[in-house]
2 protein chains.
Amino acid sequence: MRKPTGRSDVPTAAHAILGLLEMDEGSSHGYDLARHFGDSQPLAQVIHLEPAMLYHHLKRLARAGWATATVEPQGTRPARQVYQITTTGRAELRRWLSEPVAHTREIRLEFLVKLYLAERLDPDLAARLLADQFDTCRRLEASLVSQLAALTPADADSSDRVFVRRVLELRLAQTRAAVRWLARVGV
Amino acid sequence: MRKPTGRSDVPTAAHAILGLLEMDEGSSHGYDLARHFGDSQPLAQVIHLEPAMLYHHLKRLARAGWATATVEPQGTRPARQVYQITTTGRAELRRWLSEPVAHTREIRLEFLVKLYLAERLDPDLAARLLADQFDTCRRLEASLVSQLAALTPADADSSDRVFVRRVLELRLAQTRAAVRWLARVGV
DNA sequence: GGGATCATGTAACAGGTTACATGATTCA
DNA sequence: TGAATCATGTAACCTGTTACATGATCCC
């Protein structure tokens with residue numbers, strides 16, 4: 001018998017669904033929610049979610065106690081599973097929305113989803129999120145700068161060192177681009 | 001019975017291992033290769049590879065005919081599985097190394113691995129890869145610029161439109177950062 | 001007649017993560 | 001004595017992708 005594998009780490013998609021349940025307030029079932037991730041919808045520009053995974057996440061949200069499902073018979077069609085966010089689900093959503101992402105690479109997906117939802121659910125929260133994300137990226141930038149500074153003094157330029165320097169320079173460039181973008185968005 | 005599920009898409013990790021087999025030329029078994037992905041090794045700054053996945057990929061490389069395994073008994077320890085790259089494996093590696101990545105988000109991981117290996121296996125190939133990647137990113141940049149231009153004329157500024165514009169602006173910023181970095185590296 | 005729409009999924013596969021199994025040997 | 005090294009993995013879980021099942025109804 002194994003230990004119950006100490007994992008946590010709820011994926012962005014699950015939180016996105018949780019946010020949509022909060023926005024759509026009331027009647028949301030899988031097929032309905034799927035439209036948010038369909039062609040030319042704003043969220044679809046940022047996160048892809050196939051029906052298979054959508055239904056999967058809905059079940060997990062229910063298992064976690066963040067949503068409840070009620071069955072709505074449809075006559076001929078399969079019964080609708082209408083989901084509703086719970087109080088603990090709402091608390092979890094808020095917690096997630098207040099938390100900036102830790103890495104620059106997560107801006108493109110996770111942060112954009114947070115921003116989309118926060119702006120539509122609570123503009124004040126969105127403003128705070130933006131400010132916190134800006135600070136986080138600034139700190140990342142400073143850390144990269146000091147890592148680079150610690151690197152260059154050693155004059156031995158093995159190709160491995162050159163490579164590591166380039167990696168840091170790329171990260172710094174990406175992080176600075178994010179910082180400038182955040183500053184422009186957060187006016 | 002299902003169709004054999006039309007997938008392909010070999011992951012970066014597998015190609016990284018293939019590249020290391022080509023570099024280490026001869027005696028490389030799992031435990032040995034693992035050192036490349038250990039603390040403070042240059043590749044570890046870019047890609048994480050736990051032993052479990054390393055051994056998994058080695059088996060898949062053998063299954064694909066890109067490497068062959070020969071058993072080297074060790075007495076008391078488990079026998080070493082020594083892997084060697086094959087001719088088709090070498091061809092596949094070369095093909096992969098010549099191909100720039102299609103998306104800006106893939107620069108951070110997949111492109112950096114290609115660059116690391118190409119520079120160590122064939123500097124000319126590395127130079128061509130850099131040039132091709134630069135062109136690809138330039139085209140991406142142009143595409144994003146025209147997408148933004150197509151967006152702004154419509155004056156109706158729904159919050160959804162604002163969001164989509166921001167997404168494009170972030171991508172453009174990230175792509176431009178990559179372009180400048182590539183230009184600096186590729187001197 | 002034939003495809004899109006509604007509404008739910010399952011099956012089979014993939015990569016990836018964490019924890020653990022095995023068992024002798026070397027070193028602090 | 002007990003941790004690290006060598007060398008291989010497996011087990012159990014996860015997200016994610018693609019293909020397909022079901023079956024009525026609506027619209028061209």
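Chain letters run A, B, ... following the sequence lines, proteins first and then strands; every chain starts at 1. Bear in mind that the values here come from a model prediction, so they are computed numbers and not experimental data.
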Q. Among C/dG9, D/dT15, D/dA7, which nucleotide sits nearest the side chain of B/Y55?
A. D/dA7
Q. To the side chain of A/R60, which of D/dT15, D/dA7, C/dG16 is closest?
A. D/dT15
Q. So, A/R95 and A/E92, do they make that salt bridge, N to O below 4.0 Å?
A. yes
Q.
Could you tell me how far apart A/Q81 (CD) and C/dG9 (C1') are, to the nearest whole angstrom?
A. 10 Å
(Q) Between A/E141 and A/R138, does any NZ, NE, NH1 or NH2 come within less than 4.0 Å of an OD or OE carboxylate oxygen? (A) yes
Q. Starting at CG of B/L33 and ending at P of D/dA7, how long is that distance when rounded to a whole Å?
A. 12 Å
Q: Mind calculating the distance between NE2 (B/H56) and C1' (C/dT18) to the nearest angstrom?
A: 16 Å
Q: Answer yes or no on whether B/R120 is positioned over the face of B/Y116, meaning its NZ or CZ is under 6.0 Å from the six-membered ring centre and within 45° of the axis.
A: yes
Q. With nearest nucleotides of DNA chain D determined for A/P78 and A/E50 from heavy-atom distances, which residue corresponds to the more 5′ nucleotide?
A. A/E50
Q: Between C/dG16, D/dA7, C/dA7, spot the one nearest the side chain of B/Q74, thanks.
A: D/dA7
(Q) Please tell me if B/H48 has a side-chain N or O lying less than 4.0 Å from either OP1 or OP2 of C/dG16. (A) no
Q.
Output the rounded distance in Å from CG (A/L58) to P (D/dG16).
A. 13 Å
Q.
Without decimals, in angstroms, what is the distance between A/F37 CZ and D/dT15 P?
A. 15 Å
Q: Give the nucleotide from the list C/dA14, D/dT15, D/dT10 with an atom nearest to the side chain of A/H57.
A: D/dT15
Q) For the side chain of A/A52, counting heavy atoms from C-beta on, which of C/dT8, D/dT18, C/dA19 is nearest? A) D/dT18
**Q.** Any A/R35 side-chain N or O less than 4.0 Å from OP1/OP2 of C/dC6
**A.** yes
(Q) Is any side-chain heavy atom of A/F37 closer than 4.5 Å to one of A/V46? (A) no
**Q.** Rounded interatomic separation in angstrom, taking CZ from B/R80 and P from D/dT5
**A.** 16 Å
Q) A/A34 near the nucleic acid: base, sugar-phosphate alone, or nothing, with a heavy-atom cut-off under 4.0 Å? A) nothing
Q: With the side chain of B/M53 defined as its heavy atoms from C-beta on, choose the nearest nucleotide among D/dG9, C/dG15, D/dT15.
A: C/dG15
Q) Of all the choices, D/dT8, D/dT10, D/dT15, which nucleotide is nearest to the side chain of B/H29 once you look at every atom? A) D/dT8
Q: Give the rounded distance in Å between these two atoms: CG of A/D32 and P of C/dA7.
A: 8 Å
Q: Choose from D/dT8, C/dG9, C/dC6 the nucleotide whose nearest atom is closest to any side-chain atom of A/Y31.
A: C/dC6
Q: Rounded to the nearest angstrom, tell me the gap between atom CG in A/L54 and atom P in D/dT18.
A: 16 Å
Q. Does a side-chain N or O from A/K59 land closer than 4.0 Å to OP1 or OP2 of C/dG9, or not?
A. yes
(Q) When you compare the side chain of A/H36 with that of A/L54, does any pair of heavy atoms fall below 4.5 Å? (A) no
Q | Heavy-atom side-chain contact between B/Q174 and B/L170 under 4.5 Å | A | yes
